[in-house]
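So the structure is just underneath, and the comments pick up after that.
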Amino acid sequence: MHDIVADITFLDDVPEPVVNGVRGGYAPHHKFSELDWLASGFHQYQDETLHFPGETIEVKIRFVSWEYLRDIVRPGVHFEVRELDRVIGTGTVKAVRDGGL
């Protein structure tokens, strides 16, 4: 089960491993401006193909720490997708589990 649905754009100027592509099961960090910590989450894509820098895709995300995020994350909230301190993409929340998923 996922916690949110979001549109994510992978930046096109990011070094490996994103240039090698990512697929479902990818588990980057997510930085919301309302939080001072990174939230780990597992991505589920609509297909099993590799996705590359520059692409914008819809993703379902299941967060490890959803109980701490559920009151903060709402549709329209923007966030960064990171591999630790490196920003590899940006996202916008489209839907939240407790809000009709």
(request) Report the C-alpha separation of Arg97 and Ile4 in whole Å, then their side-chain angles, then the decisive distance to 0.1 Å, and conclude whether the side-chain contact (heavy atoms from CB on, under 4.5 Å) test is met. (result) CA-CA 6 Å; Arg97 177 172 44 148; Ile4 69 169; over 6 Å; no
(message) Side chains of Val73 and Trp66, heavy atoms from C-beta outward: is any pair under 4.5 Å?
(response) yes
(message) Any non-hydrogen side-chain atom of Pro53 less than 4.5 Å from a side-chain atom of Asp13?
(response) no
(message) Do Arg82 and Ile88 have side chains that approach each other closer than 4.5 Å (heavy atoms only, starting at C-beta)?
(response) no
(message) Within the 4.5 Å heavy-atom criterion, are Leu50 and Arg23 side-chain neighbours or not?
(response) yes
(message) Any carboxylate oxygen within less than 4.0 angstrom of a Lys/Arg side-chain nitrogen, looking at Lys94 and Glu58?
(response) yes
(message) Can you confirm whether the side chains of Tyr26 and Gln44 place a donor and an acceptor under 3.5 Å from each other?
(response) no
(message) Ring centroids only, cut at 6.0 angstrom: are His30 and His43 within range, meaning strictly under it?
(response) yes
(message) Could you tell me if the side chain of Arg74 sits less than 4.5 Å from the side chain of Val93, heavy atoms only?
(response) no
(message) To check you understand the geometry: which heavy-atom pair defines the closest contact between Phe63 and Ala39, and what is its length?
(response) CD2-CB, 4.1 Å
(request) First locate atom CD of Glu55, then atom CG of Asp12, and finally report the distance between them rounded to the nearest 0.5 Å. (result) 11.5 Å
(request) Please answer: with hydrophobic residues joined when any side-chain heavy atoms are less than 4.5 Å apart, are Ile72 and Leu38 in the same cluster? (result) no
(request) Would you indicate whether Glu67, at its atom CD, is surrounded by more than 12 heavy atoms from other residues, nucleotides or ligands within a distance under 6.0 Å? (result) yes
(message) Could you check whether any side-chain heavy atom of Val87 comes within less than 4.5 Å of a side-chain heavy atom of Leu11, counting everything from C-beta outward?
(response) yes
(request) Kindly compute the distance separating CD (Gln46) from NZ (Lys60), expressed to the nearest 0.5 Å. (result) 7.5 Å
(message) I'd like to know whether CZ of Phe42 has more than 12 heavy-atom contacts from other residues, nucleotides or ligands below 6.0 angstrom.
(response) no
(request) Could you walk me through whether Ile61 and Ile8 pass side-chain contact (heavy atoms from CB on, under 4.5 Å), step by step? (result) CA-CA 11 Å; Ile61 304 173; Ile8 289 181; 4.2 Å; yes
(message) Counting C-beta onward and ignoring hydrogens, is there a side-chain heavy-atom pair between Thr9 and Thr90 closer than 4.5 Å?
(response) yes
(message) Testing the basics here: between Trp37 and Ser65, what is the closest heavy-atom pair and its distance to 0.1 Å?
(response) CZ3-OG, 3.5 Å
(message) Measuring from atom CG of Asp3 to atom CG of Leu69, what distance do you get when rounded to the nearest 0.5 angstrom?
(response) 8.0 Å
(request) Please find out if less than 6.0 Å separates the ring center of Phe10 from that of His51. (result) no
(message) Is any side-chain heavy atom of Phe79 closer than 4.5 Å to one of Ser33?
(response) no
